[in-house]
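Each chain gets a letter, A, B and so on, in the order the sequences are listed, and its residues count up from 1.
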There are 2 protein chains.
Amino acid sequence: MADYRTFTTEDAKRFADEHSTLFGDHSKLHCEEFGDGNLNLVFRVSNDKGTSLIVKQALPYARCVGESWPLTIDRARIEAEVLIKHRKLCPEHTVEVLYHDPVQAAILMEDLDDYRILRAELIAGKQFPHLATQLAAYLAHTLYYTSDFALTGPNKKQQVGRFLNPELCLITEDLFFTDPYCNHERNNVHAEIRSDAQQLWHDEALQADVAQLKVNFLSKPQALLHGDVHSGSIFINDENCKLIDAEFGFYGPIGFDVGSLLGNLLLNYLGHFGLTADADIRQQHQAYLLEQIQTLWQAFATNFQQLMSNECREPSLQNSLYQQRFMQQVFADTLGYAGCELIRRTVGLAHVADLEQISDSATRGQSERKALKLGRELILQRASLANIEQVIALVRYQ
Amino acid sequence: MADYRTFTTEDAKRFADEHSTLFGDHSKLHCEEFGDGNLNLVFRVSNDKGTSLIVKQALPYARCVGESWPLTIDRARIEAEVLIKHRKLCPEHTVEVLYHDPVQAAILMEDLDDYRILRAELIAGKQFPHLATQLAAYLAHTLYYTSDFALTGPNKKQQVGRFLNPELCLITEDLFFTDPYCNHERNNVHAEIRSDAQQLWHDEALQADVAQLKVNFLSKPQALLHGDVHSGSIFINDENCKLIDAEFGFYGPIGFDVGSLLGNLLLNYLGHFGLTADADIRQQHQAYLLEQIQTLWQAFATNFQQLMSNECREPSLQNSLYQQRFMQQVFADTLGYAGCELIRRTVGLAHVADLEQISDSATRGQSERKALKLGRELILQRASLANIEQVIALVRYQ
């Protein structure tokens, strides 16, 4: 930390200029900071020929839990290393990191200025036919090739050690698995659904299942996760999508990444009950979302199964019966974590615009109530739901 | 490694003398080396007043897989640190480490010269009424206090990182979970049971379950295991027993430690069909073993449940339904790993004297066949066997 200093726009310009050959004429660089400033500084450095790059610097503190508290800048190393590794495994759908400075906790990366944030697009009702297939490919490739199917025991242990990421995992442990199930001061509960939240806090059957999902998050290092696959971490345009923001990356359960994404698509589905007044338009968008959810799981499972069948070099894991059971267990985890995402985004600290942007309070309450109910069902039924079609039927029933 | 040198008896004397105050008069020390010399040097250093200590030094290679191959001397650090941690958690039943030198990979520890190795005692038909209750206490305390019930996420991750132990885990991955289920050159198959071994190599249902147990071994860091709890790692006398040899220690599934021990008691049970000709004596010893097996699980489960109920400070894991399910899952793992131990000690590289000392080849074959059959049943039925009584009934049926 000794030599760390918070970047000015001048520092960011110099950093981008030093570590890339894209710019050429140094004198004509322009730089603006456009991050929210709570966790990171984010600069866009551009020249007058339309070339631009992003400089992201981790701040040594975070204000997002209500008060200033220190947060390791080692998360920039984690972010850079996860993105570099994931890009090697899935170059199409991972943002490119050009340079990483661990002392300044700064990353130089490609500017996705012809992409937009998925969450805002989905809230606006935009549809991308390639969304599910591309994200399924990203998840299957990054998760398969960092798992026990692809790495020897010693290689994987070395990776586990590099990506323990204790501080950022603790944030998830608390915000995702603990707070929403008790009357915690960090929670953010809309008055409209106060009594529904209180039911959660006394639901011991649900809490037992969430405890299991939390312990899996703590102690099931199946693969190197992105760790924060929500629709704000995905940039998209009409041709392609790319993942950014991997600072929560660690070795955890595969279903956590897949389920976080699935949960975010469901949050958008439920949000549109309040966001889109026109029934035809709403139904058409919701049908699109369900189709994407179905494709997401099917394409992920197909990709992952093919990789297990064709690429696994570890004799004892080539057993096809074991591989079938493995996929079934990933499916159950996926549904469980999707359910947790629905619940924590509704009553926990960090909400999503898909629900928050519903202007009428009662209408918003209805969507929130559906999110809690569906989340609960997904968690409790995760091992008995046999396939994604049954999940879709459960969603339609809400 | 630069300053590492293999100890002579003079080095061992000096090491013991420097790092303890037990001896007093330096001139009258005596030292003998009595290890098997394959993996470690083991010296007893004693004075003329009857005080003695053990010096154990890890050698930078191992010959136990048929040829000389390098093996990290970091295992001495692992051994010392696991024993020191376990002794803090269960001083009664863990050997005391007095000093550890990471450069020389040498450990100074108490001499258990008034104890004997459990395996030899059980083969001789000796009975220890306290065996199961003491080992259950050791397992419950060391495993509970290093688990997610007792440690915060960040604390546990730090421990996981210190005890990755990739090289020694790989030995177990291969010898315990891979070799016995294929026609591997490292296997050691008694001609008498060749066709039974071949059946294993084509048993895909069994292999699917063993793959699951192997993946749990790789990717289920529940607690800091001893990692090698067989009856050769336990010293015992009429009052007490103590664990030694923790170089295989790592964060793994709790059931692995419990199951390894249970498997070794079962190997002794099956061995006595061939070791003890007198039916009355045999039945009496076997009844003792079954009683100890029953007590071992019951006392372990009771201890662990009490610790979960009384000591758990992590709110989301205080849920009693979750805790019940947790114990049931540890039980299933325990039976699965006990089954693996029976099989790998029968057809794998490292056999046990409990079977090897049966002099008649056909009789030995009978006990070995029982071991394979019981091992298979324990693995396949591990999730459907509801309690230890059902396990005992299954054993009696062999």
Side-chain angles (χ1 to χ4, degrees), chain A residues 147-149 151-158 160-174 177-179 181-182 184 204-223 250-253 314-326 329, chain B residues 147-149 151-158 160-174 177-179 181-182 184 204-223 250-253 314-326 329:
Chain A
S147 77
D148 289 314
F149 291 103
L151 302 179
T152 66
N155 284 344
K156 178 146 164 288
K157 279 176 207 294
Q158 190 195 30
V160 168
R162 281 198 78 76
F163 296 106
L164 289 173
N165 206 354
E167 283 195 46
L168 275 80
C169 281
L170 183 62
I171 296 176
T172 306
E173 290 156 28
D174 290 340
F177 299 107
T178 306
D179 298 359
Y181 304 93
C182 62
H184 200 284
E204 291 192 20
L206 181 67
Q207 286 163 1
D209 277 25
V210 172
Q212 179 63 65
L213 289 161
K214 180 176 184 175
V215 168
N216 286 356
F217 182 86
L218 287 162
S219 296
K220 194 172 177 178
Q222 288 184 320
F250 78 111
Y251 263 83
E314 162 59 47
S316 38
L317 304 191
Q318 289 169 356
N319 183 289
S320 62
L321 181 57
Y322 170 71
Q323 292 185 354
Q324 277 171 41
R325 289 187 196 152
F326 182 85
Q329 161 270 308
Chain B
S147 76
D148 289 314
F149 291 102
L151 302 179
T152 65
N155 284 345
K156 178 147 165 285
K157 280 177 209 293
Q158 190 195 29
V160 168
R162 282 197 77 76
F163 296 106
L164 289 173
N165 206 355
E167 284 195 44
L168 274 80
C169 282
L170 182 62
I171 295 175
T172 306
E173 290 156 28
D174 290 340
F177 297 108
T178 306
D179 299 358
Y181 304 93
C182 62
H184 200 285
E204 290 192 21
L206 182 66
Q207 287 163 1
D209 277 25
V210 172
Q212 179 63 65
L213 290 160
K214 180 175 183 176
V215 167
N216 286 357
F217 182 86
L218 287 162
S219 296
K220 195 173 177 178
Q222 288 183 322
F250 78 112
Y251 263 83
E314 162 60 46
S316 39
L317 304 191
Q318 288 169 356
N319 183 289
S320 63
L321 182 56
Y322 171 69
Q323 293 184 354
Q324 277 171 41
R325 288 187 196 152
F326 182 86
Q329 162 269 309

| Highest number of heavy-atom pairs under 4.5 Å with chain B: which of A:Gly153, A:Cys182, A:Pro221, A:Ser320? | A:Pro221
| request: Indicate yes or no: at least one non-hydrogen side-chain atom of A:Asp209 is less than 4.5 angstrom from one of B:Arg325. | output: yes
| query | Is there a side-chain contact between A:Tyr322 and B:Gln212, using heavy atoms and a 4.5 Å cut-off? | reply | yes
| task | Select, from B:Asn155, B:Leu317, B:Leu321, B:Leu164, the one with the greatest count of heavy-atom pairs under 4.5 Å involving chain A. | result | B:Leu164
| request: Could you check A:Lys157, A:Gln222, A:Lys156, A:Lys220 and say which one makes a side chain to side chain donor-acceptor pair (under 3.5 Å) with B:Ser219? | output: A:Lys156
| said: With a 4.5 angstrom heavy-atom cut-off, is it the side chain or the backbone of B:Arg162 that approaches chain A, or both, or neither? | reply: neither
| query | Which atom pair, heavy atoms only, marks the closest approach of A:Ala208 to B:Asn319? | reply | CB-OD1, 3.2 Å
| field | Proximal component of A:Leu170, with respect to chain B [non-hydrogen, under 4.5 Å] | value | side chain
| said: With heavy-atom distances below 4.5 Å as the criterion, would you say the side chains of B:Glu173 and A:Glu314 are in contact? | reply: no
| field | Distance in Å, A:Gln207 CD paired with B:Gln318 CD, rounded so as to fall on 0.5 Å steps | value | 11.0 Å
| field | Engaged part of B:Asn216 at the chain A interface, taking heavy atoms whose separation is under 4.5 Å | value | neither
